[in-house]
Structure formats: structure tokens, C-alpha cells
Asker: 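Before I ask anything, let me first share the structure, which is written out below as C-alpha cells.
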Protein chains: 2
Amino acid sequence: MLARKIADSTVRRLAIYLRFLEEFEHQGAGTVSSEALAARAGTTSAQVRKDLSFFGSFGKRGLGYDVHALAVQLRTILGLTRRYHVILVGAGRLAGALVQYAEFGARGFDIVAAVDRDPAKIGTRWGDLVIGNVADLEKIVQREQIEIAILVAPADAAQALVDRLVSAGVSAILNFAPVQLHVPHGMDVKNVNLAVELETLSYALQHRGST
Amino acid sequence: MLARKIADSTVRRLAIYLRFLEEFEHQGAGTVSSEALAARAGTTSAQVRKDLSFFGSFGKRGLGYDVHALAVQLRTILGLTRRYHVILVGAGRLAGALVQYAEFGARGFDIVAAVDRDPAKIGTRWGDLVIGNVADLEKIVQREQIEIAILVAPADAAQALVDRLVSAGVSAILNFAPVQLHVPHGMDVKNVNLAVELETLSYALQHRGST
DNA sequence: CGTCGCTCGTGAAACATTTCACAAATGCTT
DNA sequence: AAGCATTTGTGAAATGTTTCACGAGCGACG
């Protein structure tokens, strides 16, 4: 499906466009121009059109895009027409925050399991979710048919957990641990490091003065 | 200070190199090659050398880089030789997780204040931190000499809060709200959207099969 | 039914980033 | 002190991404 390699930056923007399309849809707008979408998303109209053009031509010249139809297209492109089972590996504070994160559910990502190695946490509940024992990781992944793991475990445990997740059949990992994970070819890993984000800000603060 | 515009991707990698340098330093390594750093950081040796070369030449040919000296250089480049006062705007679960996030403190980012609009939260404590009233935002920013704000508030409140943060004198914002913020020229905003990260994973899952 | 104003879709140009490849410098060994 | 094995620093080439600019299609309106 679709031979060309699409840039990560493009995929990211598509996800952002979808957000604003849903907002427009909610407000009852029937159509939207690339210009209007760009203004909302903080980019340019040419960029919007180019991004979309990789996947087809969804607009009407002179008119713009049908808000609802484009939203449907973007959901299809992004793989959001079905739901995904997600596991939280690690049950610390950040995991607790992510469980509550309504946007995940709204987008089709269901957190159906969480595990930890701390006996004090195992068995406790977060809403409907009972925290499982990390020793049962493989069993849980298979029972719950989990495709995506969110790794919120300490750095030193991360790689071993990833190896187990991979062999248990998980296909994609969102990694919050500050380490470079090694996975077999074909697996998808996305790293998020909040401290690095702050550091790019402090870099920017420092390199001012020639404003 | 330094005329050229450095790519965001470069700055990010520098922050990552610094992590691994500190790890090497901890292990007692005296020097490290671009090759070794690259292996750890998941990039190439040429990339490491190029990234560093924008800022000077820190290595010794035939030998590599002095681990400690390079770490010092990177901290200087990234603006991590001093501490920053940070405010959490919004005191939900995610904010609660960030307060605990040890890496922020280790990197020089001190969360010295948090505010919310919910009267039930105002006055409660998170460790040493007393949650303030968002009505006092400007007062708190000035009293605590805050430079960086982490915005973890609902999307509909985000822009108004940003306007107030800007006029109160905050210089940089890490934004978790899924909206495009408008700020005066010269302000730095970095957006983090965890749902978008998951969506790039579902995109990748969908676009497989020709492996 | 022809013209007008608008906006898409898209090659081509401009710009940015990464990779390559190699001369130059360094320490070690003999 | 010369030769050798390394590894840096960096222009140049290759690759990737964004912006430009304009032909083509669409609906509205007289």
C-alpha cells in the first residue's frame, strides 16, 4: 500500500490537520481551504496541499476541501479507522497521567493493560485497570491482543523489556525512557524525551541577543 | 553569539549526546570517539562530528573526545550551566507526573510554582509545592522570576494563558495543549502532543506489508 | 453559456540536512 | 625519528523537504 516513503514531518502534520478538521466539523463548517487549515495548523497552504497530494487529490478547485470527507480520508491514511490495544509498561506517575489522557481514547487507542515490577503496585487499580505483574508481560500481551506498548520504565530496564515485548508480538513502541532502543527491522519505535524538549528551549534562550 | 542558524534536529542530538557522555563519565571513561557516541545515540559518526563542528572543534585527531571536557562544552552550548525557574500552568495528572520527573531537576530545570483554576486544587500541596490560583499568575511569575512555562491546561484556555504568560515576562513555553499558539516574535514555543506520537505509530503499522 | 474569481494539484526551484570521503593531526611503537 | 594505526574536521556530493508559481478545474453570476 503506497510505495513511496512519506516523511515523518508530513505524517505528523496530517495528524494535526485532522484535529482542526474535527474542530471545523464540530463548528458546522462544510468546506475548508488549504489556506484556512494552514493558518490553524501553523504552516503554509502550499505545505498543506503538498502533504495531501502524496495520498491523492481530495479537494475541489475553487472550493477547497469537504471537511467531513477529508477527515475520513485522513483517518484512513493514519490508520485510525480501527481501535488499538495498548499496554503501559511501567506504572509510575507518568503512566498514571497517560491512563487518564482522554485524547488517546478519542483517537482509538485503548489502554487495556498496565504492568509494573513493584509488588506494592501490582494488584492495585487505576479505574478499571488492574496493574499486572511484569513477570506476566508476555501472557498479558497475548491475552489482550496488544499491538502497541508505551514504555515508561526506568532506563536500565528498558532494553530487556523491549526484547520481551518484541518476542511477545508487540508491533510498535512509544518510548519515554532516555535510551536508544534496539529492535528488529520492521518494528516501529518512537522516542519521546521531555527533558530534551526543555533543553532545546534553554538552547534557544541562550542563543538570543542578536534579535 | 554564533550567527548561524542551527537546525533543531542538531540541538536535539546534542542534548542526547550529553546524556551518553554523562553515562560514560560515570563509568570512568576518559575519552570517547564519535563512533562510540554515535552507536549509543543511534546515529552515525559523521553526524556526530558535523553536529559538534558547528560549535567548534573539541576532539583530538586519532584519539577522540575528552568525555568530561565535551560534556562541559555541550552544557555550555545548551545553556545548562545555570538553573531555570519553571512554572506548571495547569495542575492535572500530567502536571503531577512532571513535578516528580527527576530528570528536569537533574538538568537544571526547577519547577518552583504550579497554578490551576480549580478551587478544589488551589492550596493543596505536591511535596514542597503549593498549588496557586491561576488568577495570581502574573504575580507568581514575577515573584519567582520564572523564565519557562510548561502549559498543561485545556486547549480552550491555552491561548489566553499564553498571552498572560508573555506579558508577565516568560520567555519560553513548552506546550502540551493541542492547539497552535500565537506568540510575539522572539518567544520560543515547543509543542508536545502525545496523541500525535501514537498516531504516527498507527500510520506506520498501517503502512506495512511490503516488508 | 461565457466570463470571472477562487483554489487546488504539481513540477521545478530553492533551501536544508545528511552522508561521503579524505587530508591533517595525534599518539604509539619500534 | 620515522612509520603506522587512528580518528577528527570539513568541503563537496547526495539526499530530503519546503516553497514557489502557474496551469487547470470548479462554481457563481449575469
Side-chain angles (χ1 to χ4, degrees), chain A residues 2-17 20-21 24 29-71 73-74 77 180 200 203-204 207, chain B residues 2-17 20-21 24 29-71 73-74 77 180 200 203-204 207:
Chain A
L2 196 74
R4 228 168 336 171
K5 173 76 170 23
I6 301 295
D8 187 67
S9 51
T10 294
V11 176
R12 260 191 155 61
R13 281 191 301 267
L14 293 178
I16 291 169
Y17 302 154
F20 294 118
L21 282 174
F24 286 137
T31 89
V32 66
S33 68
S34 58
E35 189 62 47
L37 247 190
R40 222 67 176 66
T43 179
T44 66
S45 61
Q47 181 79 80
V48 170
R49 295 199 300 277
K50 183 62 95 180
D51 286 341
L52 295 175
S53 77
F54 292 131
F55 297 93
S57 62
F58 307 119
K60 276 213 177 69
R61 294 170 191 226
L63 254 205
Y65 300 88
D66 180 285
V67 171
H68 178 72
L70 185 57
Q73 288 289 351
L74 289 184
I77 291 166
Q180 183 62 27
T200 66
Y203 171 85
H207 297 257
Chain B
L2 196 75
R4 227 169 336 169
K5 173 74 168 27
I6 301 295
D8 187 67
S9 51
T10 293
V11 176
R12 259 192 156 60
R13 280 192 301 266
L14 293 179
I16 291 169
Y17 302 154
F20 294 117
L21 282 174
F24 286 136
T31 89
V32 67
S33 68
S34 58
E35 190 63 46
L37 248 189
R40 222 68 176 64
T43 179
T44 65
S45 61
Q47 181 80 79
V48 170
R49 294 198 301 276
K50 183 64 96 177
D51 286 339
L52 295 175
S53 77
F54 293 131
F55 297 93
S57 61
F58 308 119
K60 274 214 176 68
R61 297 173 189 221
L63 253 207
Y65 301 88
D66 180 285
V67 170
H68 178 73
L70 185 56
Q73 288 289 352
L74 289 184
I77 292 166
Q180 183 61 28
T200 66
Y203 171 85
H207 296 257

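Chain A is the first sequence line, chain B the second, and so forth, proteins listed ahead of strands; every chain is numbered from 1.
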Asker: Could you tell me the separation between the CZ atom of R49(A) and the C1' atom of dG11(C), rounded to a whole number of Å?
Answerer: 13 Å
Asker: Rounded to whole angstrom units, what separation is found between the CG atom of L52(A) and the P atom of dT19(D)?
Answerer: 15 Å
Asker: Grab the CG-C1' distance between D51(B) and dT19(C) for me, whole Å please.
Answerer: 12 Å
Asker: Can you check the R13(A) CZ to dT19(D) C1' distance for me, whole Å?
Answerer: 12 Å
Asker: Does S33(B) put a side-chain nitrogen or oxygen below 4.0 Å from OP1 or OP2 of dT7(D)?
Answerer: no
Asker: Where do L21(B) and V67(B) come nearest, in terms of heavy atoms and distance?
Answerer: O-CG1, 3.4 Å
Asker: Looking at dG9(D), I'd like to know if its phosphate oxygens (OP1 or OP2) sit under 4.0 Å from a side-chain N or O belonging to Y65(B).
Answerer: yes
Asker: Measure the distance from CZ on R61(B) to C1' on dC28(C) and round it to the nearest whole Å.
Answerer: 18 Å
Asker: Determine: side-chain N/O of S9(A) to OP1/OP2 of dT18(D), distance under 4.0 Å, yes or no.
Answerer: yes
Asker: Which whole-number value in Å describes the distance from L63(A) CG to dC29(D) P?
Answerer: 12 Å
Asker: To the nearest 0.5 angstrom, please state how far the CZ atom of R49(A) sits from the OG1 atom of T44(A).
Answerer: 8.0 Å
Asker: Distance check, rounded to the nearest 0.5 Å: L37(A) atom CG versus T43(A) atom OG1?
Answerer: 10.0 Å
Asker: Over how many whole Å does the gap from R12(B) atom CZ to dT17(C) atom P extend?
Answerer: 13 Å
Asker: For dT19(D), take OP1 and OP2 only and decide whether either is under 4.0 Å from a side-chain N or O of Q47(A).
Answerer: yes
Asker: On DNA chain D, does the nearest nucleotide to G62(A) precede the nearest nucleotide to A7(A) from the 5' side, or the other way round? Give the residue.
Answerer: A7(A)
Asker: Taking salt bridge (charged side-chain N to carboxylate O under 4.0 Å, His left out) as the test, write out the residues that go with R40(B), two or more places apart.
Answerer: E23(B)
Asker: First locate atom NE2 of H68(B), then atom CG of L70(B), and finally report the distance between them rounded to the nearest 0.5 Å.
Answerer: 11.0 Å
Asker: May I ask you to say what T44(B) touches in the nucleic acid, namely base, sugar-phosphate or nothing, with a heavy-atom cut-off under 4.0 Å?
Answerer: sugar-phosphate
Asker: Between C1' on dT10(D) and CZ on F54(B), what's the gap in Å once rounded to a whole number?
Answerer: 10 Å
Asker: Please work out if S45(A) contacts a base, only the sugar-phosphate, or nothing of the nucleic acid, heavy-atom cut-off 4.0 Å.
Answerer: nothing
